[in-house]
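Note sheet for the following structure.
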Amino acid sequence: MGSPIGRLVRVPFGSSVKIGVVIDVVAASDQPADKLKDAALIDDLPALPADWLALCAFCARYYHYPLGQVTTFALPPLLRRGKKPRIPKAKAPAVLPAPTFATATPDQSAAIETIAQAKGFQPFLLHGVTGSGKTEVYLRAIASVLARGGQALMLVPEIALTPQLEGRVSARFPGAQIVSAHSGVADAARARAFLAAQEGRADIVLGTRLSVFMPMPRLQLIVVDEEHDASFKQQEGLRYSARDVAIFRAKQRDIPIVLGSATPSFESFYHASSARYRRLDLPLRAVAVAMPTVATVDTRKQKLQDGLSAELIEAISERLRRGEQSLIFLNRRGYAPVLACPACGWISHCRRCAANLVLHLADRRLRCHHCGLEMAVPHACPDCGNLDLQPFGRGTQRLEEKLIELFPSARILRIDRDSANSPKKWHELLATIHAGAADILVGTQMLAKGHDFPMLTLVGVVGADAALFAADFRAPERLFSQLMQVGGRSGRAALPGEVLLQTEYPQHPLYRALIEHDYSAFAHAQLAERNVAGFPPFAFQALLRAEAPELVKALAFLTTAVEAAQNLVAAEILIYDPVPMRLARLKNRERAQLLVESRNRPALQNFLAQWMARLYGLKAPRELRWHLDVDPLEF
Ligand code: ADP
Ligand code: ZN
Ligand code: ZN
């Protein structure tokens with residue numbers, strides 16, 4: 001019998017039976033023999049490979065999360081329950097026409113060549129403007145891996161984007177076995193994909209963050225597309241960053257990894273400037289299309305029509321005359337962020353969260369965007385009975401209403417999480433846009449990502465200023481990247497594009513950098529500021545968060561945690577005071593957090609390990625929950 005390490009087992013546990021993974025075998029135990037239980041090997045499932053177990057162990061160590069829970073999380077739900085999916089008989093591969101593709105541009109060739117020559121572990125940052133042909137570079141790098149008999153793993157941020165990419169990948173590799181893994185894949189299919197990857201039958205694994213845990217014996221290349229995207233970080237349970245875990249995995253397997261983006265995270269950009277990563281640049285669009293011209297519209301000097309400037313309205317009219325599409329970007333869904341009573345000062349407040357209820361006029365509801373609480377729009381003020389309640393501020397629905405009024409004959413399409421609330425609706429909306437059956441699109445960041453709209457030649461940006469002054473040190477990075485991505489939607493085909501940014505701060509460096517298309521200058525300036533302030537990537541952070549029905553309890557727990565750290569504190573560790581979170585109440589639970597920081601990652605890790613051992617030993621009050629978030633993205 002071979003080693004049982006990595007095998008799934010059934011173990012009696014109290015009155016029930018649990019599924020476990022054998023992680024080690026020891027000759028003797030310090031437990032009395034009658035306390036030991038027999039574990040039964042689950043016969044029809046193959047052993048998980050050693051590098052997969054090591055990957056889970058790394059995540060458990062680095063994120064200070066129990067190994068058992070990491071392993072459970074990394075397995076598809078069916079295997080977690082010890083069940084084997086039915087494997088359908090292999091279909092004969094469809095006979096597809098051989099793919100045709102354009103010759104690579106010189107920049108693409110150089111990037112492909114460099115990746116092909118990589119020996120062992122080598123992270124690359126593929127920095128290419130939207131439409132520069134990054135996907136083409138990934139596909140060619142994958143092609144050479146497949147030709148050598150290897151497997152490739154490609155991570156993408158959004159489920160919404162995977163079907164589009166799946167189509168492109170399978171058209172390119174008609175003979176290859178491609179499996180996808182994301183939360184939208186049904187249990188049986190997910191388990192089948194996992195086994196196909198593990199048994200080496202799958203050549204390409206394509207998926208969202210969770211696919212970083214697919215076992216792949218012949219893995220030779222990892223690609224992380226849109227590597228800056230925040231959705232690579234899981235915000236609950238095992239709070240891992242799939243991009244960072246992918247880097248670990250490439251190192252573990254001694255293989256190259258390509259991180260690609262038009263707007264790399266400043267962390268990755270920093271590593272690429274400091275020789276930890278190698279930078280590959282695609283500064284030009286693949287097909288000879290100029291980058292869109294970007295200009296600001298100074299909104300201090302005019303009276304806006306419901307948030308729209310005369311310049312933007314004129315630019316939209318011009319597109320209508322020419323039969324081209326416009327996109328108005330406003331990253332706030334709903335009709336208005338709050339409903340208020342001018343007579344008594346009542347505002348629509350969520351009773352469960354420290355947040356306002358957003359007015360949705362399309363279905364006449366007030367909704368909390370944090371907890372989902374909703375109610376009908378009241379006919380009169382609940383406090384004073386005033387009948388004249390007023391919406392304040394502006395969301396996509398209100399903008400849509402105004403555009404309908406201004407352009408009654410135009411076909412206007414709103415795209416946000418309300419209008420595209422299912423994959424089916426989302427596809428219908430995309431199809432409508434592609435068919436040219438819409439003239440004006442109003443939408444949130446849903447529209448910013450990875451879609452080619454050939455008829456789109458104008459992008460108007462409304463209401464972006466608020467994000468310039470957000471407290472989060474990553475806010476400028478996010479705004480810049482979002483605006484660059486949404487601007488990149490325009491002028492992708494034969495028609496040149498134009499981006500109009502409405503702002504009261506036309507001289508702001510962020511907008512100046514967008515006008516110049518100068519990501520690097522902005523990134524360098526921001527990195528210099530972060531260096532002075534001691535923010536990542538110049539420091540490493542962890543957040544301890546606690547939540548309880550009362551804020552004092554959450555804060556008290558964090559204070560105890562600070563005390564528990566006292567004689568552990570190394571010189572290089574900075575522990576801040578416990579503070580309420582920015583959204584201090586969510587679903588009737590009060591939330592507080594405590595930041596721990598160090599310029600030295602091993603010192604921080606060492607500290608966290610000892611500290612967590614103590615915290616797990618503390619008796620936290622009932623009703624209190626806490627967790628640690630290593631490398632947090634949200635504060
Ligand atoms: P990115 O991923 O950087 O946004 P894509 O790989 O999607 O860019 O390429 C953008 C467009 O340019 C696509 O329509 C693609 O087919 C096309 N394209 C990419 N590389 C080339 C090339 N070398 N020659 C011609 N067209 C190309
Ligand atoms: Zn009132
Ligand atoms: Zn709420």
Side-chain angles (χ1 to χ4, degrees), residues 99-112 126-142 154 156-157 161 164-165 167-169 171-172 223-227 229 258-264 280-289 291 337-358 365-375 378-390 434 448-454 484-494 583-591:
T100 53
F101 38 85
T103 23
T105 64
D107 289 330
Q108 283 174 325
S109 300
I112 294 155
L126 180 64
H127 181 199
V129 297
T130 29
S132 60
K134 294 184 290 297
T135 310
E136 193 57 38
V137 172
Y138 309 144
L139 294 179
R140 287 180 197 230
I142 291 172
M154 182 164 178
V156 293
L161 291 184
Q164 211 187 24
L165 192 64
R168 196 161 161 191
V169 175
R172 189 59 167 268
V223 171
V224 183
D225 189 25
E226 310 283 2
E227 68 87 30
D229 198 287
V258 182
L259 310 178
S261 177
T263 53
L280 306 168
D281 284 320
L282 302 179
L284 306 172
R285 286 184 162 183
V287 276
V289 183
M291 294 296 284
V338 68
L339 185 66
C341 169
C344 77
W346 173 87
I347 60 168
S348 57
H349 203 78
C350 178
R351 61 181 147 77
R352 301 198 291 182
C353 307
N356 293 331
L357 294 174
V358 176
R365 308 289 284 174
L366 290 173
R367 271 198 195 98
C368 176
H369 285 188
H370 299 283
C371 75
L373 179 83
E374 59 174 278
M375 58 185 70
H379 294 290
C381 172
D383 283 359
C384 75
N386 174 17
L387 290 173
D388 187 26
L389 295 176
Q390 295 287 333
H434 278 283
K449 287 176 189 167
H451 293 280
D452 265 330
F453 301 133
M484 196 127 175
Q485 303 269 350
V486 76
R489 298 304 114 214
S490 75
R492 297 200 81 183
L583 182 64
R585 189 157 43 91
L586 179 67
K587 294 189 192 175
N588 280 333
R589 296 182 63 87
E590 301 280 346
R591 312 179 318 150

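Whatever order the structure lists ligands and atoms in, that order sets their numbers, starting from 1. The structure displayed is predicted, hence computed values, not measured ones.
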State the atoms of ligand 1, each with its element, that fall below the 4.0 Å cut-off from a heavy-atom position in T103. 22 (C), 23 (N), 24 (N)
Test side chain to side chain contact (heavy atoms under 4.5 Å, CB included) applied to L126 and V137, L259, D225, the passing residue: V137
Steps toward side-chain contact (heavy atoms from CB on, under 4.5 Å) verdict (T105, L284): CA-CA 10 Å; T105 64; L284 306 172; over 6 Å; no
Go through it in stages, so that I can follow the logic: the residues are L165 and M154, the test is side-chain contact (heavy atoms from CB on, under 4.5 Å), and I'd like the CA-CA distance, side-chain angles, deciding distance and then a yes or no. CA-CA 10 Å; L165 192 64; M154 182 164 178; 3.6 Å; yes
Tell me the protein N, O or S atoms under 2.8 Å from the Zn ion (ligand 3), in chain and number order. C350 SG, C353 SG, C368 SG, C371 SG
Per-atom contacts of ligand 1 with A104, taking only distances under 4.0 Å to non-hydrogen atoms: 23 (N)
Are any of the N or O atoms of R168 closer than 3.5 Å to those of ligand 1? yes
Heavy-atom closest pair, residues A354 and A584: CB-N, 4.2 Å
Roughly, to 10 degrees, what angle do C384 atom SG and C344 atom SG form around the Zn ion (ligand 2)? 110°
Under 4.0 Å from one or more heavy atoms of E136, ligand 1 contributes atoms 6 (O), 20 (N)
Exercise: identify the closest heavy-atom pair between L339 and W346: O-CZ3, 3.7 Å
Out of K134, R140, Q108, Q485, whose heavy atom is nearest to atom 1 (P) of ligand 1? K134
So which atom in P264 and which in H127 form the shortest heavy-atom distance, rounded to 0.1 Å? CD-CD2, 3.5 Å
Considering non-hydrogen atoms only, spot the tightest contact between G133 and Q108 and give its length. O-NE2, 3.1 Å
Kindly say whether R589 contributes a backbone atom to a donor-acceptor pair with the side chain of R352 at under 3.5 angstrom? no
Does the N356 side chain pair with the main chain of V358, one donor and one acceptor, at a distance under 3.5 Å? no
Enumerated ligand 1 atoms positioned under 4.0 Å from heavy atoms of T105: 23 (N)
Check whether any N or O atom of A286, backbone or side chain, sits under 3.5 Å from an N or O atom of ligand 1, and answer yes or no. no
Heavy-atom contacts under 4.0 Å between R285 and ligand 1: side chain, backbone, both, or neither? neither
Of all the heavy atoms in S132, does at least one lie under 4.0 Å from an atom in ligand 1? yes
Return a yes/no value for G133: is any of its N or O atoms, backbone included, closer than 3.5 angstrom to an N or O of ligand 1? yes
side-chain contact (heavy atoms from CB on, under 4.5 Å) for R172 and R168? Distances and angles first, verdict last. CA-CA 6 Å; R172 189 59 167 268; R168 196 161 161 191; 6.0 Å; no
Is it true that E226 and K134 make a salt bridge, defined as a side-chain N closer than 4.0 Å to a carboxylate O? no
